[in-house]
Amino acid sequence: MRLVGGSRRDGSDAQEQQRIRAIVQELGLEAVTTFTGPISQDHLPAYYAAADACVIPSYYEPFGLVAIEAMAAGTPVIASDVGGLRYSVVHNETGILVPPCNVDLLAAAIADVFADPERWKLMGEAGQQRVQSHFSVSAVAAQVHQLYQCVAPFSSIRSDV
């Protein structure tokens with residue numbers, strides 16, 4: 001198991017990282033667990049593509065870029081049902097959304113990745129399609145164009161009236 005990310009030693013999440021390392025040690029999982037620390041943007045696609053799932057147990061997430069990056073690599077997402085993740089991840093289609101702080105449902109979703117790999121493979125494929133249709137450069141440009149088309153009729157309304 002690879003745990004990717006985290007800040008440098010003095011970062012705000014260092015205490016949480018130490019807590020997770022202690023759990024790994026307590027469970028005797030050191031031989032099968034790697035803490036990579038921060039990974040450069042150039043190497044992230046390979047990590048996403050190699051993963052069975054990308055787990056994002058955030059309390060708050062304004063946009064959900066990590067989920068989009070994982071889905072672009074064909075990796076299904078297990079994420080908290082918060083913020084931008086609600087829009088990025090389609091529940092039971094591109095991954096699973098779980099209530100924040102619900103460790104039982106989070107654990108069940110992670111276990112399901114290994115219990116039903118074909119289902120998760122299909123979710124990974126659906127995630128790639130979602131990224132292309134909603135988050136690619138051409139898709140975002142089309143959305144912006146459509147927005148401008150909607151507001152264009154209002155551009156002739158005088159604001160000084």
Side-chain angles (χ1 to χ4, degrees), residues 1-9 11-14 16-17 19-21 23-24 27 29-147:
M1 168 174 43
R2 290 189 193 269
L3 300 173
V4 179
S7 63
R8 292 167 184 74
R9 290 194 187 283
S12 61
D13 63 349
E16 180 65 8
Q17 205 172 72
R19 187 184 75 78
I20 294 170
R21 285 179 187 274
I23 292 170
V24 167
L27 296 173
L29 297 173
E30 302 97 331
V32 294
T33 305
T34 304
F35 290 85
T36 66
I39 299 294
S40 75
Q41 289 292 320
D42 295 341
H43 294 101
L44 278 177
Y47 280 89
Y48 286 128
D52 294 305
C54 178
V55 181
I56 311 167
S58 299
Y59 299 132
Y60 171 78
E61 193 72 41
F63 182 67
L65 186 58
V66 170
I68 293 168
E69 290 172 340
M71 291 188 307
T75 301
V77 175
I78 299 168
S80 295
D81 190 7
V82 297
L85 292 168
R86 290 180 177 142
Y87 177 72
S88 302
V89 179
V90 179
H91 184 66
N92 283 325
E93 184 179 321
T94 65
I96 298 292
L97 292 170
V98 298
C101 304
N102 190 321
V103 295
D104 294 331
L105 287 179
L106 182 64
I110 294 169
D112 192 57
V113 171
F114 302 101
D116 193 354
E118 185 58 31
R119 174 179 180 233
W120 286 86
K121 180 181 179 218
L122 293 173
M123 283 196 272
E125 292 168 359
Q128 277 186 310
Q129 292 171 357
R130 179 161 175 76
V131 169
Q132 284 302 310
S133 65
H134 287 77
F135 304 109
S136 67
V137 171
S138 59
V140 171
Q143 291 171 44
V144 170
H145 177 74
Q146 183 179 12
L147 176 64

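Note: hydrogens, waters and symmetry copies are ignored here, and every other heavy atom, side chains too, is used.
- Residue Leu85 comes nearest to Ala79 through the heavy atom pair CD1-CB, 3.9 Å, listed as atom of the first residue, atom of the second, then distance.
- Listed by chain and number, the residues in a salt bridge (charged side-chain N to carboxylate O under 4.0 Å, His left out) with Arg19 are Glu16 (sequence neighbours excluded).
- To the nearest 0.5 angstrom, Arg119 atom CZ is 10.0 Å from Leu122 atom CG.
- In Gln146, the CD atom is not crowded: 12 or fewer heavy atoms of neighbouring residues, nucleotides or ligands sit closer than 6.0 Å.
- Side-chain atoms of Thr33 never come within 3.5 Å of backbone atoms of Glu30 as a donor-acceptor pair (strictly under, hydrogens ignored).
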Handout entry: From CA spacing to verdict: side chain to side chain contact (heavy atoms under 4.5 Å, CB included), Ile96, His91
Key = CA-CA 5 Å; Ile96 298 292; His91 184 66; 3.8 Å; yes
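- Between the side chain of Thr94 and the backbone N or O of Gly127, no donor-acceptor pair lies under 3.5 Å.
- You'll find the side chain of Ser80 stays beyond 4.5 Å of the side chain of Tyr59, heavy atoms only.
- Cation-pi contact between Arg21 and Phe35: present, with separation from the ring centre below 6.0 Å and deviation from the ring axis of at most 45°.
- Taking the side chain as every heavy atom from C-beta outward, Val66 and Cys54 approach each other to under 4.5 Å.
- Here the side chain of Trp120 pairs no donor or acceptor atom with the backbone of Phe114 at under 3.5 angstrom.
- Side chains of Glu69 and Gln41 form a contact here, defined as non-hydrogen atoms less than 4.5 Å apart.
- With sequence neighbours excluded, no residue satisfies ring-ring contact (aromatic ring centres under 6.0 Å, His included) with Phe63.
- The shortest heavy-atom contact between Val89 and Ala67 is CG2-CB, 3.8 Å.
- Proximity of a side-chain donor or acceptor of Ser88 to a complementary backbone N or O of Ile68 within less than 3.5 Å is not detected.
- A distance-only check finds a donor-acceptor pair linking the side chain of Gln128 to the backbone of Ala72 [under 3.5 Å].
- Within 6.0 Å of NE2 on His43 lie no more than 12 heavy atoms contributed by other residues, nucleotides or ligands.
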